[in-house]
Amino acid sequence: MKQKQADFFDQVYAVVQCIPAGRVSTYGAIARALGAARSSRLVGTALIMAHDPRLSIPVHRVVNRNGLLTGKQHYGSPSEMQERLEAEGIVVLEDQVQRFDQVFWDPGEHL
DNA sequence: TACCTGACTATTT
DNA sequence: AAAATAGCCAGGT
């Protein structure tokens, strides 16, 4: 184990876990909240590694800036992400979060 | 070690 | 207005 200073991923996990149920956030918003506005892709990569159930990270609450469930293919089932979102009261139609403005949660505001 | 790929976003055509 | 291209950063091979 290398002693590394606060992995970018760990920071992403912390923010994602702060997303309240029934709300969603975006890769860019999270990246910006961490001070890495241009690392939006890394946020997505981090979520892939966040699949570990021991971390209990609600990765399904993270979508792209259009409210599109771009990462649904990375779940066990392509529909799992939508199912989980709908279970929290989020309306999803055709892989797209409805009323996105209302459910969007900006980590920067919560800081 | 180097190259390729990718759960993005913003810019330009 | 929609579609294509470029920039970005780090992981995986």
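First the proteins, then the strands, lettered A, B, ... as listed; each starts at 1. Because the structure is predicted, anything quoted here is derived from the model rather than measured.
Separating the CD atom of A/Gln73 from the P atom of B/dT5 is a distance of 19 Å, rounded to the nearest angstrom.
To the nearest 0.5 Å, atom CD of residue A/Gln11 and atom CG of residue A/Leu42 are 11.0 Å apart.
Between the side chain of A/Asn66 and the main chain of A/Leu68, no donor-acceptor pair closer than 3.5 Å is present.
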Reading nucleotides 6-13 of chain B 5' to 3', which nucleotides get B (base under 4.0 Å from a protein heavy atom), which S (sugar-phosphate only), which -? BBBS----

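When side chains are defined from C-beta on, A/Val92 does not count as touching A/Gln98, because their heavy atoms never get closer than 4.5 Å. Considering only heavy atoms from C-beta on, A/Ile19 comes within 4.5 Å of A/Val62 through its side chain.
A/Arg61 and A/Glu88 are joined by a salt bridge, as a carboxylate oxygen and a charged side-chain nitrogen come within less than 4.0 angstrom of each other.
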